[in-house]
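Report on the following structure.
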Amino acid sequence: MNRMDAVRAAEAEMTEWRRAFHAAPELGFEESGTAARVAALCRGFGLEVTEGVGGTGVVATLRGTRGDGRAIGLRAELDALPMQEASGRDWCSGRDGISHACGHDGHMAMLLGAARALAAAPDIAGTVRFIFQPAEEGLGGARAMLADGLFDRFPCDEIYAAHNCDAPLGQVIVHHGPMAAAADRFEIVLEGQGGHGAEPHRAQNPLPAAARLLLALESLPARVTDARRPAVLTVGAIRGGEAFNAIPDRVRLAGTIRALDEQARATLEAALRRHVAAQAEAEGLTARLDYASPFAVTRNSDAEADHVIAAARDLFGAAAVTVDPPPEMGSEDFGFMLAERPGCCFLLGQGDDDHRAVCHDPRFDFNDRLLTIGAALWVRLVERRTGCV
Ligand SMILES: [Zn+2]
Ligand SMILES: [Zn+2]
């Protein structure tokens with residue numbers, strides 16, 4: 001059986017794996033059940049398996065039988081999201097408040113399908129590393145694997161990742177350069193002095209300051225960053241006060257900054273810090289700012305983007321490949337791996353009549369019809385990069 005036939009023959013099993021992952025989702029760095037299942041399957045395919053890389057990460061290695069060649073890293077994610085599922089599927093999450101609403105269950109299953117097909121026909125020149133990373137959803141799983149020596153222990157010459165998206169089923173979307181934004185997270189607490197609503201002069205009300213601050217922050221992308229460099233600042237939460245006639249002593253604002261280059265990101269962060277400090281100072285309040293940068297820009301290298309484009313055109317035809325649409329302002333922590341090795345993170349459309357919800361929507365479910373498409377693309381990419389085609 002050639003490898004593509006092996007991928008097609010694995011469809012039922014990939015679907016079974018995917019739905020089992022879906023029914024038992026685990027949060028970042030707690031994916032011990034998922035990781036154990038992935039490791040067991042990879043051992044069953046005959047791969048060398050290392051567990052516990054960067055916490056719960058798993059790396060499975062296939063050594064080609066045709067001697068030296070490139071080492072190709074292919075990444076999928078183990079973690080689910082802290083949100084309640086509302087997909088109504090039979091394989092719906094069995095865990096309250098946790099669900100595979102980003103489709104990582106499908107990414108794992110399609111990579112496992114590719115691993116099995118490649119392991120069954122290992123006459124390639126080079127090495128394939130199947131990298132299953134923990135905690136992609138903002139908890140720093142990619143950085144944890146890198147800190148644990150990912151690319152020293154498991155050398156890779158080039159790395160790739162795929163993510164589902166709401167484009168039509170089977171559409172392959174590839175960017176040269178930035179494909180997803182850096183995403184920072186901030187939380188601001190303004191503290192004053194509570195009091196009676198009738199006597200504001202005896203209190204220090206943080207609410208008006210929070211309102212002015214919110215308006216100032218929301219307008220920053222239009223004023224401090226270069227208009228030709230996309231950047232977003234969103235305040236997504238504001239909490240303070242309970243009673244109509246009482247002045248609260250604190251208010252909390254939380255939000256995110258997104259940008260496609262480091263300069264725009266850093267400019268917005270600096271401006272935010274200035275505004276928080278100045279507003280607090282002007283109003284006689286104290287301000288606390290927690291600021292985190294869990295996602296770097298996900299920047300593809302041109303040559304590796306071209307390899308994905310070539311493999312996808314080869315398999316599915318030119319019309320199925322979209323090249324260089326505007327990048328996403330969402331984020332992807334594969335960006336940290338791409339900062340260390342050349343590679344490409346590309347998108348796979350999964351939209352059809354039964355799959356309209358975008359990822360992170362409680363109704364989202366991964367489209368199982370994408371499994372053979374994604375696994376076939378992984379296999380063809382490896383074949384092209386290891387001297388088979
Ligand atoms: Zn996600
Ligand atoms: Zn995701």
Side-chain angles (χ1 to χ4, degrees), residues 18 21-22 25-31 34-35 38 54-58 74-87 93 95 97-112 130-145 159-167 172-175 178-185 232 234 236 256 258 292-298 300 327-338 343-351 355-368 370-371 374 377-378:
R18 203 285 290 182
F21 290 135
H22 192 93
E26 295 172 299
L27 293 177
F29 292 124
E30 296 171 10
E31 313 95 329
T34 307
V38 163
T56 40
V58 177
L74 309 179
R75 188 220 62 171
E77 321 90 315
L78 296 162
D79 61 325
L81 280 159
M83 55 188 279
Q84 190 67 32
E85 177 165 356
S87 74
S93 169
R95 293 178 177 159
I98 307 179
S99 62
H100 266 299
C102 205
H104 298 176
D105 49 346
H107 303 164
M108 286 186 271
M110 66 170 67
L111 189 56
L112 287 164
F130 302 93
I131 301 167
F132 295 87
Q133 82 152 73
E136 190 282 329
E137 296 285 357
L139 295 175
R143 279 197 278 201
M145 288 192 97
I159 56 174
Y160 299 90
H163 205 291
N164 71 85
C165 73
D166 60 345
V172 183
I173 298 158
V174 188
H175 296 82
M179 67 79 64
D184 295 355
R185 187 171 59 218
V232 170
T234 294
T256 182
R258 312 266 166 155
S293 301
F295 295 102
V297 177
T298 302
N300 293 333
E328 302 289 317
M329 294 310 283
S331 53
E332 166 55 73
D333 89 345
F334 191 59
F336 290 108
M337 294 191 188
L338 286 176
C344 176
C345 182
F346 56 95
L347 300 171
L348 291 173
Q350 73 145 25
H355 297 83
R356 294 193 181 281
V358 297
C359 61
H360 292 217
D361 181 320
R363 295 164 298 177
F364 178 87
D365 185 41
F366 184 86
N367 189 344
D368 289 318
L370 187 55
L371 290 168
L377 183 51
W378 280 140

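Atoms within a ligand are numbered from 1 in the order they appear, just like the ligands themselves. Keep in mind it's a predicted model, so treat the numbers as computed, not measured.
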I need the protein N, O or S atoms closer than 2.8 Å to the Zn ion (ligand 2), given as residue plus atom name. C102 SG, H104 NE2, H163 NE2

Taking it one step at a time, do R356 and D361 satisfy salt bridge (charged side-chain N to carboxylate O under 4.0 Å, His left out)? CA-CA 10 Å; R356 294 193 181 281; D361 181 320; over 6 Å; no

Restricting to pairs with a member in residues 132-141, which pass salt bridge (charged side-chain N to carboxylate O under 4.0 Å, His left out), not counting sequence neighbours? none

With sequence neighbours left out, the residues meeting side-chain hydrogen bond (donor to acceptor under 3.5 Å, both in side chains) with T34 are E26

I'd like to know if the side chain of E85 reaches the main chain of S93, judged simply by a donor and an acceptor atom lying under 3.5 Å from each other, with no hydrogens or angles considered. yes

Checking Q133 now: which residues fulfil side-chain hydrogen bond (donor to acceptor under 3.5 Å, both in side chains) with it, not counting sequence neighbours? R75, D333

Is it true that the side chains of H107 and E77 contain a donor and an acceptor less than 3.5 Å apart? yes

